[in-house]
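Here the structure is laid out as structure tokens; the discussion comes afterwards.
Being a predicted model, the structure only gives us computed values, none of them experimental. Only this structure's heavy atoms are used, side chains among them; waters, hydrogens and symmetry mates stay out. All ligand and atom numbering here is 1-based and tracks the order in the structure.
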Amino acid sequence: MQELSDELLIQPVAACVRGTVRPPGSKSYTNRALPIAALARGASRLEGLLDSEDTQVMMESLRRLGFSLTHRPEGTVLEIEGAGGTIPAKGAELYLANSGTSIRFLTAMVAVGEGTFRLDGVERMRERPIADLLTALRDLGVDARSVPENGCPPVIVEAKGLPGGTVRVKGSTSSQFLSALLIAAPAAQAPLTVEVDGELVSKPYIEMTLQVIEAFGAKVTRVGEQVYRFDASGYQGTEYTIEPDASAASYFFGAAAATAGSVTVDGLGTSSLQGDLDFVRVLERMGCQVDMSENSTSVTGGSLIGVDVDMGDISDTVPTLAAVACFAKGPTRIRNVAHVRVKETDRLKALATEIRKTGTEVIEHPDGLDIHPGQLQGATFDTYDDHRMAMSLALLGLRVPGVVIRNPGCTSKTYPDYFRDLATLHD
Ligand SMILES: O=C(O)C1=C[C@@H](OP(=O)(O)O)[C@@H](O)[C@H](O)C1
Ligand SMILES: C=C(OP(=O)(O)O)C(=O)O
């Protein structure tokens, strides 16, 4: 873990960034593999997992739920003894900080157990919606409710097993509600069919969820477009390797683009299902060269042109693009990402506020941003306790002198060593 003070001055590169990086394990895969391994029969061994706040709160919660987790000295290897579709603890209080995946996945998971489970997080978590998931659980017969009755945490689940049947869930605010039900479904008491009700944001995460479910031996039948049937036969423990995080990789690709440099990300290539790897296709449209092999991806920057892009499927990379767009010739329009207003912070408002400090004109739309690049000046950026604000705004400092990141330690949510790794690319 890096020691960081309250403010970090970003050193501009002399010419451009160059090098190879391997970001830490994927948060999304780690936080799927952990609850699934806990629900499985027998032991699992997870390799390459992410060790950061979002995964620590998941691991700590699984311990509180009575599961046995053993970290190997290698750090990124963990062994976990599954309980065959049950929850050992008869009730627990779980603290999930500001980890959306953790609180959503665990809210559905604890329904398979017995007892009273309370799930809560930081102040901001108490503003992040979970109502659509609670509604779906109640429709299935689970007593699950928002304590303040505003559709947000804290949440209480009075569990007595997850019934089978058919359930519809809304996915227009977050895909995590659907993923949560899919993860719990193989441990239901009877066959369960899960259907998406209406529009679904962040779609690629659903393929990731299904991939992990199947890797742990559960059978899922795709009955129709966004209709999934499970036969309640449960999960089987296994050895599972987690690839690097594609959202984290976006900052290094962004660094190559912003400085007309060249960066290779090791461990992520054509074989990856992580939607955020498609961020490189946006950079390609802006004028970068992208080279992908099965297990690595390289981006080489050149002169950049602005783009008009729908980021609904890859919304965690909105802050990265917003930063890179400041170096392009011509405006960039980011569309279809109203759902980023309910993440760690309202990212559209926060990005507009902070990027304007550089002298760039930014227009905030209900579902996106317009960025009109101009002469850039240094600025001290507030980061709103949002790891992605800190990681993306730092890219501006690679070229603009005087960029300071406030509370750089907030990257510990998903990437504690981010600034150390970014510094390895300096020329
Ligand atoms: O399922 C996942 O692992 C995630 C889904 C996305 O959330 P939404 O579906 O809420 O957009 C993404 O923003 C988050 O970082 C991780
Ligand atoms: C939105 C994010 O995370 P989560 O929803 O899991 O808190 C993120 O990592 O950008």
Side-chain angles (χ1 to χ4, degrees), residues 23-36 50 52-58 96-108 119 121-122 124-133 152-153 169-183 196 199-213 242-243 245-251 273-276 278-279 311-320 322 336-348 350-351 367 383-392 410-415 418:
S26 151
K27 170 196 82 173
S28 294
Y29 275 120
T30 302
N31 272 358
R32 284 163 170 72
L34 283 165
I36 289 176
L50 172 66
S52 73
E53 184 179 289
D54 273 14
T55 61
Q56 283 158 8
V57 293
M58 172 65 91
L96 293 321
N98 198 4
S99 171
T101 52
S102 300
I103 201 163
R104 277 96 179 232
F105 299 170
L106 286 169
T107 292
L119 300 93
V122 297
R124 173 62 180 170
M125 182 57 97
R126 293 179 171 192
E127 298 170 355
R128 297 186 66 187
I130 195 165
D132 293 338
L133 175 58
C152 296
V169 61
K170 288 204 170 77
S172 54
T173 305
S174 171
S175 69
Q176 294 173 7
F177 307 146
L178 172 60
S179 284
L181 289 168
L182 299 177
I183 288 168
V196 183
E199 188 209 340
L200 177 66
V201 296
S202 301
K203 283 188 213 71
Y205 288 98
I206 302 308
E207 288 310 314
M208 291 169 63
T209 304
L210 296 169
Q211 188 191 36
V212 186
I213 287 172
I242 291 158
E243 64 186 30
D245 193 286
S247 319
S250 76
Y251 308 108
L273 276 187
Q274 291 182 71
D276 280 4
D278 275 348
F279 178 67
M311 299 192 86
D313 280 352
I314 57 169
S315 69
D316 283 359
T317 64
V318 165
T320 326
N336 198 25
V337 288
H339 55 297
V340 306
R341 292 191 184 276
V342 291
K343 299 203 187 262
E344 284 78 337
T345 188
D346 175 343
R347 287 183 177 154
L348 296 181
L351 285 167
D367 79 325
T383 50
Y384 308 80
D385 247 329
D386 183 346
H387 55 144
R388 300 205 189 283
M389 290 295 292
M391 293 192 281
S392 58
C410 71
T411 70
S412 62
K413 185 174 191 281
T414 55
Y415 201 159
Y418 171 70

With heavy-atom distances below 4.0 Å as the criterion, list the atoms of ligand 1 near S202. 8 (P), 9 (O), 11 (O)
For atom 9 (O) of ligand 1, find the nearest protein heavy atom and state the residue, atom name and distance (0.1 Å precision). S175 OG, 2.6 Å
Hey, is R128 touching ligand 2 through its side chain, its backbone, both or neither, going by heavy atoms under 4.0 Å? side chain
Among all protein non-hydrogen atoms, which one is nearest to atom 1 (O) of ligand 1, and what is the separation to 0.1 Å? R32 NH2, 2.7 Å
Which atoms of ligand 2 sit under 4.0 Å from any heavy atom of K27? 2 (C), 3 (O), 4 (P), 6 (O), 8 (C), 9 (O)
When you compare ligand 1 with S174, is there at least one nitrogen or oxygen pair between them that comes in under 3.5 angstrom? yes
Nearest protein heavy atom with distance in Å, relative to atom 6 (C) of ligand 1: Y205 CE1, 3.6 Å
Checking Y29 against Q274: is there a side-chain donor and acceptor pair closer than 3.5 Å? no
Determine, stepwise, if the pair H339 / T173 fulfils side chain to side chain contact (heavy atoms under 4.5 Å, CB included). CA-CA 6 Å; H339 55 297; T173 305; 5.6 Å; no
All heavy atoms of R104 vs all of R128, minimum pair found to be NH1-NH2, 3.9 Å
Could you see which bit of T101 sits under 4.0 Å from ligand 2, with heavy atoms only: side chain, backbone, both or neither? both
Between G312 and V337, the two heavy atoms sitting closest are N-CG1, 3.8 Å
Considering both backbone and side-chain atoms of T101, is one of its nitrogen or oxygen atoms within less than 3.5 Å of a nitrogen or oxygen in ligand 1? no
May I ask you to check whether R104 has an N/O atom sitting below 3.5 Å from an N/O atom of ligand 1? no
Hey, does R388 come in under 3.5 Å of ligand 1, counting only N/O atoms on both sides? no
The protein heavy atom nearest to atom 8 (P) of ligand 1 is K343 NZ, 3.2 Å
Where ligand 2 meets G100 - atom numbers and elements under 4.0 angstrom, heavy-atom basis: 4 (P), 5 (O), 6 (O), 7 (O)
Carboxylate-amine/guanidinium proximity below 4.0 Å for D316 and R388: yes
Output, in order, the C-alpha distance, side-chain angles, deciding distance and verdict of side chain to side chain contact (heavy atoms under 4.5 Å, CB included) for E344 and C410. CA-CA 11 Å; E344 284 78 337; C410 71; over 6 Å; no
Can you list the atoms of ligand 2 that are under 4.0 Å from a heavy atom of S99? 7 (O)
Judging by distance only, is a nitrogen or oxygen of T173 under 3.5 angstrom from one on ligand 1? no
Determine the minimum heavy-atom distance between I206 and L200, stating which atoms define it. CG1-CD2, 3.9 Å
So which heavy atom in the protein is nearest atom 12 (C) of ligand 1, and how far is it from that ligand atom? D316 OD2, 3.4 Å
Judged on heavy-atom distance to atom 2 (C) of ligand 2, which of K343, R388, E344 sits nearest? E344
Atom indices of ligand 2 within 4.0 angstrom of N98 heavy atoms, with elements: 7 (O)
Looking at ligand 2, is there an atom of it that comes within less than 4.0 Å of some heavy atom belonging to R347? yes
List every atom of ligand 1 that sits less than 4.0 Å from any heavy atom of H339, numbering the atoms from 1 in the order shown and giving each element. 11 (O)
Hydrogens and angles aside, do R32 and T209 bring a side-chain donor and acceptor to less than 3.5 Å of each other? yes
Contact summary for L178 and V196, nearest pair of heavy atoms: CD2-CG2, 3.4 Å
For ligand 2, indicate whether the residue R124 contacts it via side chain, backbone, both or neither (heavy-atom separation under 4.0 Å). neither
Determine, using heavy atoms of M208 and all atoms of ligand 1, whether some pair is separated by less than 4.0 Å. no
Salt bridge check: are K27 and D245 linked by an N-O gap of less than 4.0 Å? no
Just by distance, with hydrogens left out, do N31 and S102 show a side-chain donor and acceptor under 3.5 Å apart? yes
For S179 and Y205, work out which heavy atoms get closest and say how close. OG-O, 4.0 Å
Minimal heavy-atom distance between T414 and L50, with the atoms involved, is O-CD1, 3.3 Å
Just heavy atoms, cut-off under 4.0 Å: does N31 contact ligand 2 by side chain, backbone, both, or neither? neither
Any salt bridge between D386 and R347, counting N to O under 4.0 Å? yes
